Amino acid sequence: MQRSGIPRFWNLGATFFRFVFRIVSRVLAFAFNSSVKAKRLQSRAAEKEQRRLHVPTIDRSTGELPPFIVVVQGPPKVGKSLLIKCLVKHYTKHNLSEVHGPITVVSGKQRRVQFLECPNDINGMIDAAKIADLALLLVDGSYGFEMVHIAGVGDFASTGITSLADPCPLPSAAKKKGLRDKEKLFYAPMSGLGDLLYDKDAVYININDHLVQFSKVDEETSASGKGKDRDVGVALVKTLQNTRYSIDEKLEQSFINLFGRKPPSASDDNVDANESGYSQGHVSILDQEDDDCLDDKEVSDDDEARKNELIAESESDDSDGDDNCTMDDDHVGDQQITAFSHDLKEEIEFHNGRFRRKVISSDYKDNGDLQDSEGDDMQELDDDDDDLGDHMDVGSESSEEGDEDLDSDDEGENVSKWKGSLLAKTVSRQNGNLMQLVYGPNVTASTTTSQEAHDSSESDDSDEDFFMPKGERTKKLSDNLDVDNVDTEDSSKFNNIQLKDWSDGDLVKSIRDRFVTGDWSKAAQRGLGTEDVGDNETVFGDFEDLETGEVFKGNPEDNDKSSGSFRMGDDQEMEERRLKKLALRAKFDDDGSDLSDEEEHNKRKFNQNQTDAGGYFDKLKEEIELRKQMNIAELNDLDEATRVEVEGFRIGTYLRLEIHGIPFEMVEYFDPHHPILVGGVGLGEENVGYMQARLKRHRWHKKVLKTRDPIIISVGWRRYQTIPIYAIEDRNGRYRMLKYTPEHMHCLAMFWGPLAPPKTGILALQTLSNNQTGFRITATGAVQEFNHAAQIMKKVKLVGCPLKIFKKTALIKDMFTSDLEIAKFEGAAIRTVSGIRGQVKKAAKVELGDRPKKKGESVKEGIARCTFEDRILMSDIVFLRAWTRVEIPRFYNPVTTSLQPRDQTWKGMKTVAELRRDNNLPVPYNKDSVYMSIERKPRKFNPLVIPRKLQAALPFASKPKDKPARKQPSLESRRAVVMEPHERKVHALVQHLQQIKNEKMRKRKLKEQEKKKAYEAEKMKQEQLSRKRQREERRERYRREDKHKRTRRKVED
Amino acid sequence: MGKTSYVRLKGSRQFRQRLLLATLSSTPILVEDIRSDDTSPGLQPHEVSLLRLIEKVSDDCTVEINETGITNDSKDSSVDTFRTTTLHMLKRFGVPLEGLMLKIESRGAPPLGGGEVVLGVPIVPNSLTAAHWVDEGMVKSIRGVTFSTRVSPQIANRMIYAARGVFNRFIPDVHIFTDHRSGPAGGRSPGYGLSLVAETTSGCLISTDVAVNYPKADETDVMEDSEEKPDMLPPEDVGVQAASTLLGEIEQGGVVDSTHQGLLFLLCALCPPDVSKVRVGMLTPYGIETLRNIRDFLGVKFVIKPDPTTNTVILKCVGCGMKNLSRKIA
């Protein structure tokens, strides 16, 4: 939910929150010394400018904007409710006793604000964050900033969506200053104001007349003096009360009736809803009720009748569902529109289980009376509504004729007749009828008609057919009944166009103008859109007038254009220009509608700068705006019902959803403090599959995440628990499994779950409990793709040891467990610890000599014959390094916090660590996995033995010299040396001289050290002095500069 | 984790389109009663091979398809039409034309086929763009191509001559090319035909094609060629028939011909949620069926408005917002 209006809200809230940012900056001298530096600065500025830009996205909201959602968030006892109360008081002058659930307030002529108090648990916070347009974070000053962070039920197929009257409508668009008190509405359905008081065993309605919402519809009607007994606001409240009443009451009595009535049929609707916090179910169409409808209908006098109507209607809805399950839901919705636009008279119909078909015509809103009479007719027609063919367009004779054509037995002419009727329809019909022709008869209708045809033919000539092959008959049928037969040959061609003889002059004339050789002006008229149908006729008139000479200025524009072809071109151009203008205006509106003049001026100036800067960006924006205007222009042509059918409900419409198959716990444990968030599920998102996401551990989370530990993921509207496998991409493109997430890096996480489109943000949690001390958000990331074929690999190392060694071949045991396994690994590269490379060859037969020596061992299978580049040793260990695919667990578990009391913590799958803690299990101990200091025994080699023959052949130098071992040490080692007297004297003298020299050196060293110390001290002194001087100088300079600046500013002022 | 809910369908009708839509919208479908009343119930061989192809292509990024089969017959538009017209339709919806190509390696006429084409389609960047395509313009030129496999090359010229004769009264700018295939490039069965394209001033392409070949008979009958030869339409008649059909299409109006209505609607429905507006001639049964299928699978409804002055129909829709979900983000 991204909206572009955030800055506007700041402006609006300025009375309450004034954020003053003072940016103190020093003026730099903008004089560049070097051109290189200037260039660099310029490019940096350009880069910054570009980084600011984002790819513009189209804003598809049209008309009234939905309320601006303001989430007030903070720790408990900080004054969130107080703030909301004060804000409500400020806007509406009403005192709110307590804050429950969302509160909508009309704050300006074009703006509504919805306040939402963020519940204080992680689920609520994540939900609130998904819808918030603005978050107000409240902090208790005495505590400082506590770490509280902003960050269900499940998937349901919706069976019904209805738009409701806006409970809190914007004031009418009259030009006036400010809001009148009456228009300062507010809507707080849960807070016991202006609405019912919600309680467990009773429902109180608390309506003070000054609190009731007066919508503009009511104002208008009362002004025109029609004298309605009840105003819409009350009616609305009553209907609300009615539905809620039914939920509460039916739960007490027989909730099966409400929730378990209808088995979920497969082809029900394409709309999927995902309620954050339940499992599989349904949302169903109830009724549509919007401003216009309310405007038209005569509100029945007493509430009871209305209530009955509602109940009856829901019953009829059910019967409808039972009768023909494949009935289109939109169609049901249409019927109910009519149901609502009629009064008590039709009510009886509903009681009988009948319902009326609605003819979609453009003028149905304008003349309600006519429609009523038509409706009665339709009811009569409906009496024989076993034939579903009638359903598609009751009320117009020709269409029925067309339908009968479909299954008529006049087989020769059938197709062309059908075509003819289609063409006739094309010309004569209203658009709705053509739509009904296409969409009205659904699959069941067509099958039944063909069935009927089949039956009739069977009854006709059953005897002859008995001996006919079964297929022949259907073939005969299929030749003619192309449309109805389910087994029609799959052909895109329309073969049945009647060939015309184009040599015929009249025929030639009829399409003459479709060629460039024909009349361009006539052809041009064809090119115009349907909007100008009326104009065309006047154009014809013009031509006639020109012939007679009279200039009839019925349409001066047309007369100006002499040639139609030019006109066409101009028309298109004009249209384009008009749209462009609209787009531009919208852009300006968007920029500065709420700003004061000065601000607007500034902004415009800024925008101009922008246009100078980003040409491409502006082009993109303009294109988008143009497309938006085109969409609006096209859709505005349609009437309301068709528009809803084509476009879906518009953004900002209040809807009533009916959802089937919801567990009763949701209502049982409903807490108004926790708003229920219902999100639509996009195309292709309802499927479950593998997703790849880029994930990064949150840097405030203390631990890294472990592979295969379940985490709770919030992605899109959904929240579920899943088991991820972490991986990282190697340089060769392989995804290698990681046991733990990296500390500060992104990694790839692959998990199973409901799919979300790429680029969707992900938030991961480990537990949902509130009493956790640390940071709860464990990781963040984004979905990258969903690729089922992607594989995460992990390393596998097979270890074996030699059983028997031949020359360069060895039999390896313990590496494989079976011969089959060896066959798989034939040709695989292996290696010994010492680095000798080799290859697996084949499984080896165990021979007698290969048998292990020990008795207990039995090696029968799994011995591989391998070759190496060199002979290996028996003490070598042989490795086989390979990669194996990691299976990603197919597990996901929707978080169902709404199905249990709010104070309980949701419990999902436990992590391994939690399980161990709970069951008091120790961490498994594997001796081989323990880290130990490696001790290597010095290797003992056998003495070298040279064979005698070789010894004899060696040259003498290389020959080992055989010396017999000595019994006693040699003479040199035993002999003692004694000095002569002279020698002793010389030795002593040398020693003395050495000593003197050493002493001298020592003294000199000491002296040098002292000298150095003195020098250092002196240097320090000098340095201090100079530093002091420099500081003085600097201070003086600053003082001067400042003075200078101040004087300059004064001059400027 | 809920059970997979299938969309239940009946019969072999629109088998290809249903498969396509189911694949695009990733909806599981269950087709029952396929030719249950027929002499040969169940899937036909060509349908089985389509399923195999889908199996091969899906969950993997594939841009090139090389298939062997029938390239020209009377049931569907021929490869020539596909190349000249269908691929150009994609341009309107924002598919870059650069990577689009269809190369006819060899042609194959029924019953034995033997044609081979290479289709290259670029990956659509993110999504299609909505088209506003109402102006049909005026026919400014007619182009065409004949094909003839395992027959006399003279037949092509006879067809061209006859077709030009019809167009002479309307427009002089008619060029029809010949594509004669013999040997292995000509497939395994004889046949000939003509594909014509009318180009309008606003760039619309309206095409038709006619193909003539031996009727698909039982396998034993194929041998007795001599008997069935007279059944083939003479080339002159083929030319006239093709030309007349094209004129018929032009008469009906619309930005595409009747054959391409289905694809046009499909492309509109697959656009992002913007309004697409197109004009077609009379709605064909196939087109109507397509609209219903789109409604069932994609939940997109068209506003269908007749334009009485021109006997055409204007369709408007808001796209379903299909995105290329399988594409990895950079």
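These numbers come from a predicted model, not from an experiment. We use all heavy atoms of the structure for the numbers below, so side chains are in, but hydrogens, waters and symmetry mates are not. Numbers restart at 1 for each chain; the letters A, B, ... are given by sequence-line order, proteins then strands.
Of the listed residues (B:Thr201, B:Asp274, B:Ile171), the one with the most heavy-atom contacts under 4.5 Å to chain A is B:Asp274. Counting heavy-atom pairs closer than 4.5 Å to chain A, the top-ranked of the candidates B:Ala243, B:Gly319, B:Ala130 is B:Ala130. Heavy-atom pairs under 4.5 Å with chain A were tallied for B:Leu315, B:Thr200, B:Val318; the largest tally goes to B:Val318. Heavy-atom pairs under 4.5 Å with chain A were tallied for B:Leu247, B:Leu291, B:Leu263; the largest tally goes to B:Leu247.
Taking every heavy atom of both residues into account, A:Arg627 and B:Val275 meet most closely at NH1-O, 4.2 Å.
Of the two parts of B:Pro273, the backbone and the side chain both hold a non-hydrogen atom closer than 4.5 Å to a non-hydrogen atom of chain A.
Once rounded to the nearest 0.5 Å, the distance linking CG of A:Asn631 with NZ of B:Lys277 reads 12.0 Å. Atom CD1 of B:Ile142 is separated from atom CZ of A:Phe515 by 5.0 Å, given to the nearest 0.5 angstrom. Between atom CE of residue A:Met630 and atom NE2 of residue B:His132 there is a gap of 5.0 Å, rounded to the nearest 0.5 Å.
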